[in-house]
Amino acid sequence: MAALTEDDVAGIDARLSGTDALLATEYPGDDGSRQPVHTLYVPADRYDPQLPARFGAQAAEAVAAFGGTAALAQAVGLGHLAGELAPLVDAKLVAEPVEDLRLDFEDGYGARPDDEEDADAVLAAQRVAEAVAAGVAPPFIGIRFKCFEAPTRRRGIRTLDLFLSTLASLGPLPDGLVLTLPKVTTVEQVEAMVALCEIFEERLGLDAGRLRFEVQMETPQLIVAADGSVPVAALLHRAYGRVSALHYGTYDYSASLQIAAAYQSMEHPAADYAKQVMQVAVAETGVRLSDGSTNVIPVGKNALAAWQLHARLVRRSLERGYYQGWDLAAPQLPTRYLATYAFYREGFAAAARRLDNYLHGSDATIMDEPATARALARFVVRGLECGAVTESESLAATGATRGELIRLAHPKLAASKEENA
């Protein structure tokens, strides 16, 4: 005979109702949408709809001059996969050379006369609309405007206003629209951006919640505030779901810590500490992470050394759970995809075998738990989304369709869709 009554259990439910609500609203998990493997930054005034294709062609030319993609794979330590990687990367540079493009009005654009930046903001919106209409826009595209510190605040807000207002006047906002708020130092700056988003939605006739934004983590004040708190964690929960990602800014953050220029790097211990704090802060919130960039560009006589560095840093980020990073130039695209594809292809066979066993009981020697199965499915789905693994390879190895893998990877999302069906 049970000792507890229904009233006893109901009392526990009531006691934990606040926790239940907190977990449901503040820690909803990943929403299952695609995350790009990189963000490519270009000065806003240099963008036109043909830029992604042009960058893909420039990347392919650089590789061809080196001796081909297989030769580059060999040179950056991926010779064991060169035959598999070369055709996939070559195809990627033609079909989708840029996954996420940021038209930069901040550091990459600099300080210009107001009338010049006004004109460029309007033109950027017109060109994005043109690219979307022509079907040549990357899956994700948007702008980085100037930060909310006092000297640049009004200029940044005006650029954002002109870009969004112009874009909205030309038709529905692109599904993959991304807005980037740089050099955030306080939670209040994020709250100010939330307020602006609400105003834009009202004035431009957008659905409530339509506008979200990335926060660039470039200052130590977001890691430890004056009162000893960790603002990077708090800001996520004060933005009401509008923060889509945290992006680490390698050089601004390093400079803020007075690290000498020669030692500023994505792999500096100070960078790793900041990124570990970010990683813990976003866990189960659904907010994505992006690593920063290396400013060593593969050109001239030092191209090979730069490619080797870039490939190693991309792999390092992936192994640490950072599935996105920044690229700054076309020649970085080949090693972005070589290193990314190698990461997924090297782990694919084992992940697929374990998924097949979990779903179909094909191997009695492996007993994975549901949490592990979700992680395995997410790994395979990421590989599919970026082109590292083909649909036919995945289906043959796992026995599951892409949709089935997505449902396994994101069960909360699947349950929510069933409830709303």
Side-chain angles (χ1 to χ4, degrees), residues 20-39 99-102 137-142 172-181 190 193-194 197-198 201 206-217 232-248 278-291 318 321-325 340 344 355 370-388 394 400-421:
D20 294 340
L22 174 71
L23 293 175
T25 57
E26 302 297 329
Y27 299 96
D30 194 89
D31 66 5
S33 61
R34 177 183 179 182
Q35 180 179 10
V37 302
H38 75 152
T39 302
E99 291 195 359
D100 184 19
L101 183 63
R102 202 67 71 253
F140 304 91
I141 189 169
L173 296 182
D175 291 338
L177 177 67
V178 188
L179 306 174
T180 304
L181 176 64
V190 169
M193 182 63 184
V194 170
C197 288
E198 292 172 347
E201 287 167 354
L206 305 174
D207 292 339
R210 171 65 180 85
L211 296 177
R212 302 181 74 202
F213 57 95
E214 301 170 339
V215 169
Q216 286 201 265
M217 211 300 300
V232 73
L235 69 83
L236 303 175
H237 305 284
R238 301 258 287 273
Y240 308 104
R242 289 191 186 269
V243 173
S244 58
L246 297 180
H247 285 224
Y248 176 70
M278 293 165 62
Q279 197 166 36
V280 173
V282 306
E284 293 301 316
T285 63
V287 177
R288 270 73 181 272
L289 292 172
S290 175
D291 210 335
L318 290 167
Y322 271 69
Y323 299 105
Q324 185 175 351
T340 300
Y344 287 113
L355 280 171
T372 302
R374 289 196 296 273
L376 292 166
R378 288 172 186 170
F379 179 88
V380 174
V381 168
R382 286 183 184 277
L384 281 166
E385 288 176 337
C386 71
S394 176
T401 66
R402 183 172 182 160
E404 290 169 337
L405 290 173
I406 291 174
R407 287 191 290 274
L408 176 59
H410 306 286
K412 289 183 181 179
L413 175 65
S416 175
K417 286 183 175 180
E418 290 177 1
E419 290 176 4
N420 296 327

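None of these values were measured; they are calculated from a predicted model.
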Listed by chain and number, what are the ring pair (Phe, Tyr, Trp, His ring centres under 6.0 Å) partners of Tyr322, not counting sequence neighbours?
none

Given side chains that start at C-beta, do those of Leu355 and Leu405 come closer than 4.5 Å, heavy atoms only?
yes

Sorted by chain and number, sequence neighbours left out, side-chain contact (heavy atoms from CB on, under 4.5 Å) with Thr401 holds for Leu395, Glu404

Ignoring hydrogens and geometry, is there a side-chain-to-backbone donor-acceptor pair from Arg288 to Ala245 under 3.5 Å?
no

Could you list the residues that satisfy side-chain hydrogen bond (donor to acceptor under 3.5 Å, both in side chains) with Glu385, not counting sequence neighbours?
none

side-chain contact (heavy atoms from CB on, under 4.5 Å) filter on Phe140, not counting sequence neighbours, yields Arg34, Pro36, Asp100, Val178

For Ala388 and Tyr344 the tightest heavy-atom approach is CB-CB, 3.8 Å

Taken to the nearest 0.5 Å, the spacing of Met278 CE from Leu246 CG works out to 5.0 Å

To the nearest 0.5 Å, tell me how far Leu101 CG sits from His38 NE2.
8.0 Å

Please examine the side chains of Leu173 and Leu211, heavy atoms only from C-beta on, and report whether any two atoms are closer than 4.5 Å.
yes

Who are the side-chain hydrogen bond (donor to acceptor under 3.5 Å, both in side chains) partners of Arg210, not counting sequence neighbours?
none

Leu408 and Pro411: which non-hydrogen atoms are nearest, and at how many Å?
O-CD, 3.5 Å

Are any side-chain N or O atoms of Glu99 and backbone N or O atoms of Val37, one a donor and one an acceptor, separated by less than 3.5 Å?
yes

By side-chain hydrogen bond (donor to acceptor under 3.5 Å, both in side chains), Arg382 pairs with (sequence neighbours left out) Gln35

Inter-residue atom distance Tyr248.OH - Leu289.CG, 0.5 Å rounding
13.0 Å

Looking at Asp20, I want to see if its CG is surrounded by more than 12 non-hydrogen atoms of other residues, nucleotides or ligands under 6.0 Å.
yes

Would you mind writing out the side-chain donor-acceptor pairs for residues 232-241 within the sub-3.5 Å range, not counting sequence neighbours?
from, atom 1, to, atom 2, distance (Å)
His237, ND1, Glu26, OE1, 2.6
Arg238, NE, Glu191, OE2, 2.7
Arg238, NH2, Glu191, OE2, 3.2

Under the side-chain hydrogen bond (donor to acceptor under 3.5 Å, both in side chains) test, residues paired with Glu214 that sit two or more places apart
Arg102, Thr180, His247

Taking every heavy atom of Val380 against every heavy atom of Ser394, the minimum-distance pair comes out as CG1-OG, 3.7 Å

Taking all non-hydrogen atoms of both residues, which atom of Leu318 and which atom of Thr340 are closest, and how far apart?
CD1-CA, 3.8 Å

Say whether, by atom type as modelled, one donor and one acceptor occur between the side chain of Arg212 and the main chain of Val243 under 3.5 angstrom.
yes

Taking all non-hydrogen atoms of both residues, which atom of Ala21 and which atom of Thr25 are closest, and how far apart?
O-OG1, 2.8 Å

Would you give the length of the straight line joining atom OG1 of Thr39 to atom CD of Gln324, rounded to the nearest 0.5 angstrom?
4.0 Å

Taking ring pair (Phe, Tyr, Trp, His ring centres under 6.0 Å) as the definition, give me every residue that meets it alongside Phe213, ordered by chain and number, with sequence neighbours left out.
none

